[in-house]
Participant: 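Submitted below is the structure of interest, expressed as structure tokens.
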Amino acid sequence: MCGRFAVYSTIEELAELIREALPDLEVEPARGFVPSYNIAPSAAIVTIGRRRPEHPHRMALLKWGLVPSFAKDPTRMAPINVRSETVLTKPMFRRPIERQRCLVPANGFFEWKRAGSRKQPYFIRRADGRPLLMAGIYDVWRGGEGGAPLMTCAILTTDSNDWMKPIHHRMPVMVAPEAAARWCDPQRSAADVLPLLTPPPADALEAYPVDARMNSPRHDDPACIAPLPPAPDVPGDKVDSE
DNA sequence: CCAGACGTTGTT
DNA sequence: GTCTGG
DNA sequence: CCAGACGTTGTT
DNA sequence: GTCTGG
């Protein structure tokens, strides 16, 4: 799954790189985004969508945690992940998966590998340094009294491929650059585009352990994604400190 | 019919 | 243990 | 996802 | 909104 990720590129750098896949991409209205090495649920995150066929692809900031349009209390139910295997069967995702698909760009994401009773965070990114595009859906909640509509999103997940399995058994669904435009096309049906979501080639990604300091979402600095130095393993030394 | 839930993750 | 906040 | 709080009264 | 359970 995906419960934490990083977008440390500036919004302009990000847009520039993604325009290779989506040449018409407009940065507005996401220009105010503040890059982060440690993005946690409930944060405002960069998304790319196309509201209507006549519109270009646009970046927007949506709150991470999908609040369905019918929710009475927008704080009660807000899944950050949606299982791609069952997304078509759940009424609460019907409209989002059919008409409100989006991309969530990231420089990389975090995943925790269980190591006995401990959990070791890993950072996973594309080997070529380009941003990866995670598959998302969004919805609009208009229950606020006269306030602006609340726009929220969630990231699709799937079973890990063989490359990812040693770290974790679930992973975010990633969209190949060639499939990005079709994923966002509001005129295509969900049944049409879901088969486009194939796991990335094994050599496309790289992963390495990072310091557990990033466990706390309050830590947001380059150290969050710095490769963990190999633990010294001197005979006689206490190995299990932390 | 109305009322109430509607999600994921992981762990046992 | 369970919920909220980041 | 993980971390951190989880309560009341009254006073400034 | 839409489905399930009573």
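Letters A, B, ... mirror the listed sequences (proteins, then strands); counts begin at 1. These values consider heavy atoms only, across backbone and side chains, with no hydrogens, waters or symmetry-generated copies.
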Participant: Just how far, in rounded Å, is C1' of dT8(B) from CD of Glu111(A)?
Facilitator: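 One finds 13 Å between C1' of dT8(B) and CD of Glu111(A), rounded.
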Participant: Could you check whether any side-chain N or O of Trp183(A) sits under 3.5 Å from a backbone N or O of Cys102(A), counting only pairs where one atom can act as donor and the other as acceptor?
Facilitator: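 Present.
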Participant: Heavy atoms from C-beta onward define the side chain here; which of dG7(B), dG6(C), dT8(B) lies closest to that of Thr86(A)?
Facilitator: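 Given the options dG7(B), dG6(C), dT8(B), the side chain of Thr86(A) is closest to dT8(B).
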Participant: Can a salt bridge be assigned to the pair Glu85(A) and Arg170(A) using a cut-off of 4.0 Å between side-chain N and carboxylate O?
Facilitator: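 Salt bridge present between Glu85(A) and Arg170(A).
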Participant: Can you measure Lys63(A) atom NZ to dG6(C) atom P for me and round it to whole angstrom units?
Facilitator: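 Answer to the nearest Å: 9 Å.
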Participant: If only side-chain N and O atoms of Arg76(A) are considered, is one of them under 4.0 Å from the OP1 or OP2 phosphate oxygen of dG7(B)?
Facilitator: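 False: Arg76(A) side-chain N/O out of range (4.0 Å or more) of dG7(B) OP1/OP2.
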Participant: Indicate yes or no: does Arg76(A) engage Asp73(A) in a salt bridge with an N to O separation below 4.0 Å.
Facilitator: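 No.
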Participant: For the side chain of Arg94(A), starting at C-beta, report the closest nucleotide among dC1(D), dT9(B), dT2(E).
Facilitator: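 Of dC1(D), dT9(B), dT2(E), dT2(E) is nearest to the side chain of Arg94(A).
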Participant: Quickly work out the Asn38(A) CG to dA3(D) P distance and round it to whole Å.
Facilitator: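 Answer to the nearest Å: 11 Å.
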Participant: Using a strict threshold of under 4.0 Å (side-chain N to carboxylate O), is an ion pair present between Arg58(A) and Glu28(A)?
Facilitator: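 Looking at Arg58(A) together with Glu28(A), the answer is no, because their closest N to O distance does not fall below 4.0 Å.
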Participant: Quick one: which of dT2(E), dC6(B), dT8(B) gets closest to the side chain of Pro91(A)?
Facilitator: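 So the side chain of Pro91(A) is nearest to dT2(E).
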Participant: Out of dG6(C), dT11(B), dG7(B), which nucleotide sits closest to the side chain of Arg114(A)?
Facilitator: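 Nucleotide nearest to Arg114(A)'s side chain: dT11(B).
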Participant: So what does Phe110(A) hit on the nucleic acid, given a heavy-atom distance under 4.0 Å: a base, only sugar-phosphate, or nothing?
Facilitator: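 Answer is nothing: Phe110(A) stays at 4.0 Å or more from every strand.
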Participant: Students often get this wrong, so: under 4.0 angstrom with heavy atoms, is Met77(A) touching a base, only sugar-phosphate, or nothing?
Facilitator: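 Here Met77(A) touches the bases of the nucleic acid.
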Participant: Which word best sums up how the rings of Tyr37(A) and Tyr8(A) line up, parallel for under 30°, tilted for 30 to 60°, or perpendicular for over 60°?
Facilitator: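 Parallel, since the angle between the ring planes stays under 30°.
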Participant: Give one of base, sugar-phosphate or nothing for Ala40(A), where a contact means two heavy atoms less than 4.0 Å apart.
Facilitator: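 Contact class for Ala40(A): base.
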Participant: Does Ser69(A) get its side chain close enough to the base of dG1(E), under 3.5 Å, for a donor-acceptor pair?
Facilitator: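 Per atom types, no contact qualifies.
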Participant: Determine the Euclidean distance between corresponding C1' atoms of dG1(C) and dT11(D); express it in Å to zero decimal places.
Facilitator: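 Between the two C1' atoms, the distance is 34 Å.
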Participant: Considering only dT8(B), dC1(D), dG7(B), which nucleotide approaches the side chain of Pro41(A) most closely?
Facilitator: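 Selected nucleotide (nearest to the side chain): dC1(D).
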Participant: Quick check for you: among dC6(B), dT8(B), dA3(D), whose closest atom lies nearest to any side-chain atom of Asn215(A)?
Facilitator: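 Nearest to the side chain of Asn215(A) among the choices is dA3(D).
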Participant: State which of dC2(D), dT8(B), dG4(D) makes the closest approach to the side chain of Pro217(A).
Facilitator: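 Among dC2(D), dT8(B), dG4(D), the one nearest the side chain of Pro217(A) is dC2(D).
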Participant: Using a strict 4.0 Å threshold on nitrogen-to-oxygen distance, state whether Lys165(A) and Asp162(A) make a salt bridge.
Facilitator: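 A salt bridge links Lys165(A) with Asp162(A).
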Participant: Out of dC2(D), dG7(B), dT9(B), which has the shortest distance to the side chain of Arg170(A)?
Facilitator: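 Side chain of Arg170(A) sits closest to dT9(B).
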Participant: In whole angstrom, give the distance that lies between atom CZ of Arg4(A) and atom C1' of dG6(C).
Facilitator: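 For the pair Arg4(A) CZ and dG6(C) C1', the rounded distance is 8 Å.
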Participant: Measure OH/Tyr37(A) against P/dC2(D) and give the value in whole Å, please.
Facilitator: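 Result: 23 Å.
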Participant: Using atom NZ of Lys72(A) as one end and atom P of dG7(B) as the other, report the distance to the nearest whole Å.
Facilitator: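 Distance check: Lys72(A) NZ to dG7(B) P gives 14 Å.
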Participant: May I have the distance from Trp64(A) (atom CH2) to dG5(C) (atom C1'), rounded to whole angstrom?
Facilitator: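 That distance rounds to 14 Å.
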Participant: What is the distance, to the nearest angstrom, from the CD1 atom on Ile80(A) to the P atom on dT8(B)?
Facilitator: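 These atoms are roughly 12 Å apart.
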Participant: Can you tell me which nucleotide in dC6(B), dC1(D), dA3(D) comes closest to the side chain of Lys119(A)?
Facilitator: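 Closest nucleotide among those given: dC1(D).
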Participant: For dT2(C), which nucleotide in any strand shown is its Watson-Crick or wobble partner with both distances under 3.5 Å?
Facilitator: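 Answer to the pairing question: dA5(D), which forms a Watson-Crick or G-U pair with dT2(C).
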Participant: OP1 or OP2 of dT2(E) versus the side-chain N and O atoms of Lys90(A): is any pair under 4.0 Å?
Facilitator: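 The answer is no; no side-chain N or O of Lys90(A) sits under 4.0 Å from OP1 or OP2.
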Participant: For Ser42(A), report the nucleic acid contact type (base, sugar-phosphate, nothing); a contact means any heavy atom under 4.0 Å.
Facilitator: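 Answer is base: heavy atoms of Ser42(A) come under 4.0 Å of a base.
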Participant: Mind checking whether Leu228(A) and Val210(A) have side chains closer than 4.5 Å, heavy atoms only?
Facilitator: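 Sidechains of Val210(A) and Leu228(A): no contact.
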Participant: For dT9(B), does OP1 or OP2 lie under 4.0 Å from any side-chain N or O of Arg83(A)?
Facilitator: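 Yes, Arg83(A) has a side-chain N/O under 4.0 Å of OP1/OP2 on dT9(B).
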Participant: Establish, with yes or no, whether the OP1 or OP2 oxygen of dG5(C) is under 4.0 angstrom from a side-chain nitrogen or oxygen of Thr75(A).
Facilitator: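 No.
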Participant: Give the nucleotide from the list dT8(B), dC2(D), dG7(B) with an atom nearest to the side chain of Thr157(A).
Facilitator: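 Between dT8(B), dC2(D), dG7(B), the one nearest the side chain of Thr157(A) would be dT8(B).
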